[in-house]
Amino acid sequence: MTTHSYLQWYFRKLRTPVHFDSSKTCLLMIMSVCLVLPCPATRANGPQRVGDDLPLGSVTVDDDFWTPMMEVWQRTTIRDCFAKFENDGAFRNFERIRDGRAESHESAPWFDGLVYEMIAASSDFLARHPDPQLQHQLDEYAKLIAAAAERDPDGYINTYTQLEDPTKRWGRNGGNLRYQHDVYNIGCLVEAAVHHYQATGDTRLLKTATTLVGHMAEEFGFPPRLNVIPGHALPEVTLVSLYQLLRDDPALAQEVCGEVEVESILRLAEFFVQARGHYEGRTSLEAYAQDARPVAELQTMEGHAVRATLLCAGMAALAQERPDGVYRECTQRLWQNMTTRRMYITGAVGAIAHDERFGDDYELPNDGYMEICGSVAAGMFHHNMGVLTGDGKYYDELERVLYNGILAGVSQSGDQYLYTNPLTASAQQRRWQWHGCPCCPPMFLKMMGALPGYIYSTRDDGVAVNLFIGSHASLPIGDQQVTIHQSTDYPWNGSIHLKLQLDSPSEFTVRVRLPQWCDAPRLRVNGKPVDSPRVEQGYAVLTRQWSTGDAIQLELPLVPQLVHDNPLVTTNQGYVAIERGPLVYCLENCDNQNLLSHLYFDQDTTLRVESRDDLLGGIDAIRCTANVRGVPAEASESDSAEADHTIEALAIPFYAHSNRQPTARRVWLPEQRQLAEAQKPATIASQAEWTASHCWSGDTTAALNDQLDVAASDDQTTPRFSWWNHRGTTEWVQADLADSTEVSEVQVYWWDDRRLGAHCRTPLRWRVLTLQEGEWKPIAEQTAGATAMDRFCSITFPRQSLSTLRIEVELQPEWSAGILEVQIK
Ligand SMILES: [Zn+2]
């Protein structure tokens, strides 16, 4: 099998012409240029928006891949997150404001925003799947928030500022707008209000949000008015949504607006964009928060990745309403920079941990930051560009980040989460139950709550099928409601069946996206091949007289491929990754004999799809033969492949990583032998089976003998074993040796995190035991210095033949302990 150049970023296929009738698909690759796109349809005097999402409730997802996960997110994740936010005190802050209690604020300043985001996301789930308990919960939150806001004459609500710095509202009087999150939180309130109203018809939160936005619209502006912008983007896009809702429903506007002029909401959104880089009368929020220069001058995605992508999502939404502004051009330029130079194969963005920011062009380390929120915000940016332009390339990238970068964000159990989501990680990176900054779960839920609405969009002349998710949708076309049924086993199978249902025959257009990753899509209408469909902006355009029962079938061959990275991403030269259809794959150590760092692929590696119903909720895994770089022969003049052997490696979809035991993962693997690490000679410890009296769920016994170098007792880069959260107890680890072996020394490298201010210390004492006549008997007592930090500590004893041994440890009172590596000699 051949390897394939990885076609993303600045390598792009031209979409037309695509020849359906032969394998001679015309693929032109062009470097680093903007595609000249056909002008989208523009509504004469109205907003410029090519595709509209379908309203909540008009799409039902019925899909073997997505439906079970959506049930987990609604049943488990939403409840889990609300319970944890309640535990953090996020709602108690509102109660303090409502009740006029001058008490301290709990949690971080942006927790108001996070719980608003939870309400927005949960409302979308609720709209599609009735849930009286959840609805009651949301209604109670809405009452609490509205009552708290009513305490202020302007309707202002930001519990952190009100409880901690009441004189510093909007960052005035020496406040710190970037930290306080006043405007960001209110932007999230607007989003919650819109979604809660759409799901329930309850206008309570909508009135609260609109009143406050009206106040801000009066106060904010260029000097002499208050020059205030969001320290964290998001309000831009949510204000556009609020504006569109009220503009399109005058009766609703009349009910909730009072004195507030609807147009002023859009003007405020526009001010939040236009004021960037114009910081007269305030402190600049700098490039970190996209405030170093005016947006029209931006050439590259800069600063905090979530803020930057959300600002772009907001500008794309604004461009729908302000076609003459700079927003369209600006977002296209920035999108091009992001997707061709600053985005990972999984669609993740934000390479740099410091400031959680974008790196330079092609600066994409595999162990980079890749926050889940950045992936979600990038997905929102892609989606809003798709709505604005109708171009399928934006849905291609939405699909990439959805199935890879975003979907990994919540565990399959629904209650464990990720913050960073790098392509390469050691066993030490694992999911958390909760976080000091739990921003990612609400963002994840917002994307998944909104997802059904992204599958189809209405067009002036019909409908576009953007995503391949089994579903039913009802949408107005001409003067009738047309129902589309989509059935598919995507992403495991590339057959997509669409069936139409309508009252009377009618001519309209069905656009079906042809994903960029697919070289040879095939299309049939009512069973007949469509050899040369018109292809526009990445969609096959099918215009004809449609009748009930008409069927469209799209075949997307799903061929697993080894792909190369862009040659300008220097870290990945000599490496390959596995893709199949929209899915990126990774290898986890636990599936590959813990040999991950020693593997390399041949040019002619054959990839085989292996359906595994038993694994990770049911996946198509990929099997392939991989080479293991062996132990260098001591006397050889040059290191050769003679010592190498092969294994049957197993790759799983990247989205499913970190759902089993702590284990390392990699997406990019060497195709050159010298890039793989040579194996170390097998040792007594490495060949032994290890068990323990207790192992913390976040740690692993595999750390005991992984033969990885350890730099210090608090080395956090290497896997560890610990007895946490046992303190002051007597514990053990046990090695069952491969054979009865002559042993005279045991060495232990202790985990001790005192310098990190945590709770493990070297133990009080330890000894070595062996099993004699069914009883564990000591064979050696501790020698002096055997509990030191930052080195191997050793116990020696007269040489004897052993088949099993235990290291028994007496923990210090009040402290736990752990081990980074054990050696047996
Ligand atoms: Zn986050």
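Whatever order the structure lists ligands and atoms in, that order sets their numbers, starting from 1.
When distances from the Zn ion (ligand 1) to the N, O or S atoms of E371 are compared, OE2 comes out shortest.
Ion pairing of E106 with R92 is present here, as a side-chain N (NZ or NE/NH1/NH2) and a carboxylate O approach within less than 4.0 Å. Residues R665 and E588 are not paired through a salt bridge, judged by the lack of any N-O separation under 4.0 Å between the basic side chain and the carboxylate. The pair R169-D182 does not count as a salt bridge, with every side-chain nitrogen at least 4.0 angstrom from each carboxylate oxygen.
C437 lies apart from the Zn ion (ligand 1) in this respect, since none of its N, O or S atoms is found at a distance under 2.8 Å.
Side chain to side chain, T420 and Q429 meet the donor-acceptor criterion of an N or O pair below 3.5 Å.
Seen from the Zn ion (ligand 1), atom SG on C439 and atom SG on C373 lie at an angle near 110° (rounded to 10 degrees).
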